[in-house]
Amino acid sequence: MSACGCDSPGDHLMAYDAALQQLLQAAEVIGQSETIALPQALGRVLAEAVVSAINVPPADNSAMDGYAVRSADTRSETEISLPVMQRICAGQTGEPLQAGTAARIFTGAPIPQGADAVIMQEHVHCDGDNILFKGPLAAGSNIRPAGEDIAAGDEILASGCRLRAQELGLAASVGCAELKVVRKLRVGLFFTGDELIEPGQPLQAGQIYDSNRYTLLGLLQTLGCEIVDLGVVGDSLQQTREAIQQASEQADLVVTSGGVSVGEEDHVRIALQEMGQLNLWRIAIKPGKPLAFAEVNATPFMGLPGNPVSAFVTFCLFVSPFIKRMQGRQQVVAQSIPLTSAFVWPRAGKRREFVRVRLVPDKVGTASVELYPHQGSGVLTSTSWADGLVMIGEGSTVQIGDTVDYFPFTELLA
Ligand code: AMP
Ligand code: MG
């Protein structure tokens, strides 16, 4: 290093697609699983498929409050009168329906043997114990057949799916009380920078609050990880080494912020080169160029840049798919949605850019995306204002009305 500290390691940057591919190839699925009760399973990843042992619904049942009849008894041209001989509520089972009779029935109650249609109560008049109505009724009217939703033997949830409320409801609908899920990924986390202090402390000259800690804690929680938070590590090679050692021994994956650039106070990359294998450093993206990917003590390590927007964006683009792959998820790379640009991007950059945008409704059935006016990598406001990123290719400009690739945060981080 020269005295002026401006030795540059050369300008070679790895292309975004190649970097993502290399990274994902290095992500190993954690094999261990655990069986947990349904209420604890929200947000977890299923370790084996769920196959239904039953039909849902288990029996033909009424879709309406009304009267169960035989459709053959409803063919007359004139008004039909049938005596109501039984009453079947949800949770009960009725008697077989005699020809020429009706059964009072409520939504969800099993259709009695012999009946094959339900007439809505709004379509009948009562006359003593009889109902009067106009036919004909087709067989199957207002009946939800057994197995309409799920047939016994159907795979209802695939291995690797992330369990949302809907999936928990679906598992419960076939009687599952427990699910086999992937063990929680343990992620070691630390933040480098002598300037960092905790929110709640008064700010002294030269200090800033450690915002990345809270962004990254939240992102990792969103992805269902267990976190080993080692806090702030000062800008010294020795402290950085110790933190790397500790985190890599305790976690399945280490994520850090800061100290991966080319300044003399950026010790993370240097320590990684000494202690393990630096597999990837410097990617042709903006923001987030200095992202470092290494392996230390057989633990993957992702060193994110310290700039708050760069840390957030590189988490979305690289850490999130990496974690999803380790969790054994099916879909790990977010799909873009083609949308109309409501902004101009006049300068073609050498690196691929990921700009903070948000959806604006257009005419009925269409939407476009608008740009946060300040795209600086320290402008964290942009990440809170935005609902996604637009990817702008190397050497590309954007005009109003152009189609752009939009990645919603919900997709990047779900
Ligand atoms: P670095 O990557 O360490 O060179 O940091 C780049 C910029 O990000 C500097 O302005 C740092 O002060 C800032 N920064 C680094 N870490 C954090 C953090 N945890 N929270 C907020 N800003 C940070
Ligand atoms: Mg720093």
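Note that ligands are numbered from 1 as they come in the structure, with each ligand's atoms numbered from 1 the same way. Since this is a predicted model, take the numbers as computed values, not measurements.
Taking the charged nitrogens against the carboxylate oxygens, Asp149 and Arg144 have no contact shorter than 4.0 Å, which rules out a salt bridge. Using a 4.0 Å cut-off between charged nitrogen and carboxylate oxygen, Arg183 and Glu226 do not count as a salt-bridge pair. No salt bridge links Glu353 with Arg347; every basic N to acidic carboxylate O contact stays at or beyond 4.0 Å.
Distance from atom 4 (O) of ligand 1 to its nearest protein heavy atom, with residue and atom name: Asp266 OD1, 3.6 Å. In this structure, atom 19 (N) of ligand 1 lies nearest to the protein heavy atom Asp210 OD1, 2.7 Å. With respect to atom 17 (C) of ligand 1, the closest heavy atom belonging to the protein is Asn212 ND2, 3.3 Å. Here the heavy atom of the protein found nearest to atom 22 (N) of ligand 1 is Ile208 CD1, 3.4 Å. For atom 13 (C) of ligand 1, the nearest protein heavy atom (residue, atom name, distance) is Gly306 O, 3.8 Å. Ranking the protein heavy atoms by distance from atom 21 (C) of ligand 1 puts Ser211 OG, 3.3 Å first. The protein atom (non-hydrogen) at minimum distance from atom 3 (O) of ligand 1 is Gly259 N, 3.0 Å. Looking only at protein heavy atoms, the nearest one to atom 6 (C) of ligand 1 is Asn307 N, 3.7 Å.
Taking 4.0 Å as the cut-off, Gly193 does not count as a neighbour of ligand 1 on heavy-atom distance.
Crowding of Glu28 atom CD: a count of heavy atoms from other residues, nucleotides or ligands under 6.0 Å not exceeding 12. Residue Lys180 places its NZ atom among 12 or fewer non-hydrogen atoms of other residues, nucleotides or ligands, all under 6.0 Å distant. Applying the 6.0 Å contact sphere to CD of Glu95 captures no more than 12 heavy atoms from other residues, nucleotides or ligands.
Where the criterion is an N or O separation shorter than 3.5 Å, residue side chain and backbone included, Val260 fails it with respect to ligand 1. The shortest N/O to N/O separation between Leu196 and ligand 1 does not fall below 3.5 Å. For ligand 1, none of its N or O atoms has an N or O atom of Ser261 under 3.5 Å away. The N/O atoms of Glu195, backbone and side chain alike, include one that comes under 3.5 Å of an N/O atom in ligand 1.
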Worksheet item: Between Phe409 and Phe312, does a ring-ring contact (aromatic ring centres under 6.0 Å, His included) hold up when you go through it step by step?
Response: CA-CA 11 Å; Phe409 291 146; Phe312 174 75; 5.2 Å; yes

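Taking the six-membered ring for Trp and thresholds of 30 and 60 degrees, Phe318 and Tyr16 have ring planes more than 60 degrees apart, a perpendicular arrangement.
In the vicinity of Tyr209, heavy-atom distances shorter than 4.0 Å reach the ligand 1 atoms 20 (N), 21 (C).
Only the side chain of Pro308 comes within 4.0 Å of ligand 1, judged by heavy-atom distances.
Put simply, the side chain of Asp65 gets close to the backbone of Thr107: a donor and an acceptor are under 3.5 Å apart. The backbone N or O of Gln201 sits less than 3.5 Å from a side-chain atom of Tyr209, completing a donor-acceptor pair.
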